K.L.:
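So that we are looking at the same thing, I have put the structure below in structure tokens.
By convention here, the first residue in the shown sequence is residue 1. This is a predicted model, so every value here is computed, not measured. Computed from heavy atoms alone, side chains included, the values below leave out hydrogens, waters and symmetry copies.
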Amino acid sequence: MLKSDLVDSLVCRFPALTRRDVELSVAVILDEIQRRLAAGGRFEVRDFGVLSTHVLPGKMGRNPRTGQAVYVRSRRVVHFKPGKRLRAWGTGQLDELPGQSDADIPSASHPAEMPHEPSYRSSEERGHSAP
């Protein structure tokens, strides 16, 4: 799912919010996650999971073309640990996650009653050039 897909989905699900409000909210949340991880912190959402950083120590590796030994520097990587409900769903212990059944979705978000149509545009229309 792309960030724009998430915005489209939230605009349809919460018709009282404007597209601009949703875009700003998503941007602020993602920026905060990124800021916390860059500072070496962690970001936790109950039942969903935890994002944190781990340091991989430097090591000796091999250049696959030449076979020559090279040193690989230490680096930080993002680690995701799923929460209890997400793990239970992944192992088949839960039939569905919250928000997946029709009962969990407000009636205004059903396709026949959607006030906003998601805008699916090509990459050129969004201002992205083809590689």
Side-chain angles (χ1 to χ4, degrees):
M1 174 180 265
L2 300 174
K3 186 167 125 177
S4 60
D5 295 334
L6 176 61
V7 169
D8 290 340
S9 175
L10 292 173
V11 166
C12 289
R13 191 161 181 178
F14 300 101
L17 298 175
T18 65
R19 172 175 280 292
R20 181 70 187 131
D21 290 341
V22 172
E23 287 172 345
L24 183 60
S25 299
V26 169
V28 167
I29 290 168
L30 295 177
D31 287 345
E32 182 63 20
I33 292 171
Q34 195 171 23
R35 190 181 68 75
R36 293 276 174 133
L37 293 175
R42 55 187 254 144
F43 190 85
E44 180 177 346
V45 178
R46 296 275 182 214
D47 294 332
F48 178 73
V50 178
L51 286 164
S52 61
T53 57
H54 290 229
V55 176
L56 295 180
K59 63 180 181 178
M60 290 303 292
R62 294 212 172 268
N63 181 331
R65 287 190 183 173
T66 64
Q68 180 182 10
V70 293
Y71 180 73
V72 179
R73 298 183 301 188
S74 67
R75 59 192 171 120
R76 285 190 339 184
V77 294
V78 176
H79 175 74
F80 175 72
K81 181 179 179 186
K84 187 189 280 188
R85 287 191 67 123
L86 192 58
R87 272 194 317 269
W89 175 78
T91 59
Q93 296 172 0
L94 284 179
D95 290 336
E96 56 185 35
L97 289 172
Q100 285 186 324
S101 71
D102 289 341
D104 295 331
I105 300 172
S107 62
S109 67
H110 289 288
E113 302 171 4
M114 284 188 195
H116 304 287
E117 276 296 316
S119 61
Y120 296 103
R121 301 177 297 171
S122 68
S123 59
E124 286 121 13
E125 290 173 326
R126 287 185 296 218
H128 301 289
S129 60

K.L.:
Would you indicate whether the side-chain heavy atoms of Arg19 and Val22 approach each other to under 4.5 Å?
P.N.:
no
K.L.:
Looking only at non-hydrogen atoms, find the nearest pair between Asn63 and Val70 and report the distance.
P.N.:
N-CG2, 4.2 Å
K.L.:
Group every Ile, Leu, Val, Met, Phe, Trp and Tyr by side-chain heavy-atom contacts under 4.5 Å, then state whether Ile29 and Val50 land in the same group.
P.N.:
no
K.L.:
Verify whether the ring centers belonging to Phe48 and Phe43 lie closer than 6.0 Å.
P.N.:
no
K.L.:
Would you please test Val77 and Arg75 for side-chain contact (heavy atoms from CB on, under 4.5 Å) and show each step?
P.N.:
CA-CA 7 Å; Val77 294; Arg75 59 192 171 120; 4.1 Å; yes
K.L.:
So, taking the atom named CG in Leu86 and the one named CG in Asp47, what distance separates them when rounded to the nearest 0.5 Å?
P.N.:
9.5 Å
K.L.:
For the residue pair Thr53 and His79, establish whether any side-chain heavy-atom pair is separated by less than 4.5 Å.
P.N.:
no
K.L.:
Looking only at non-hydrogen atoms, find the nearest pair between Leu51 and Leu37 and report the distance.
P.N.:
O-CD2, 3.6 Å
K.L.:
If you group Ile, Leu, Val, Met, Phe, Trp and Tyr by side-chain heavy-atom gaps below 4.5 Å, do Met1 and Phe14 land in one group?
P.N.:
yes
K.L.:
Quick one: does any side-chain atom of Ser25 pair with a main-chain N or O of Asp21 as donor and acceptor, under 3.5 Å?
P.N.:
yes
K.L.:
Does Arg42, at its CZ atom, have more than 12 non-hydrogen atoms belonging to other residues, nucleotides or ligands within less than 6.0 Å?
P.N.:
no
K.L.:
Can any side-chain N or O of Asp8 pair as donor or acceptor with the backbone N or O of Asp5 at less than 3.5 Å?
P.N.:
no
K.L.:
Examine distances only and state if a side-chain atom of Arg36 and a backbone atom of Gly41 form a donor-acceptor pair shorter than 3.5 Å.
P.N.:
no
K.L.:
Treating Ile, Leu, Val, Met, Phe, Trp and Tyr as nodes and any side-chain heavy-atom pair under 4.5 angstrom as an edge, say whether Leu24 and Leu6 lie in one connected cluster.
P.N.:
no
K.L.:
Report the distance from atom CD of Glu44 to atom OG of Ser52, rounding to the nearest 0.5 Å.
P.N.:
10.0 Å
K.L.:
Give, for atom CZ of Arg76 and atom CG of Leu56, the distance between the pair rounded to the nearest 0.5 Å.
P.N.:
11.5 Å
K.L.:
Mind checking the CD-CG spacing from Glu23 to Leu17? Nearest 0.5 Å is all I need.
P.N.:
12.0 Å
K.L.:
For the residue pair Ala69 and Met60, what are the closest heavy atoms and their distance?
P.N.:
CB-CE, 3.9 Å
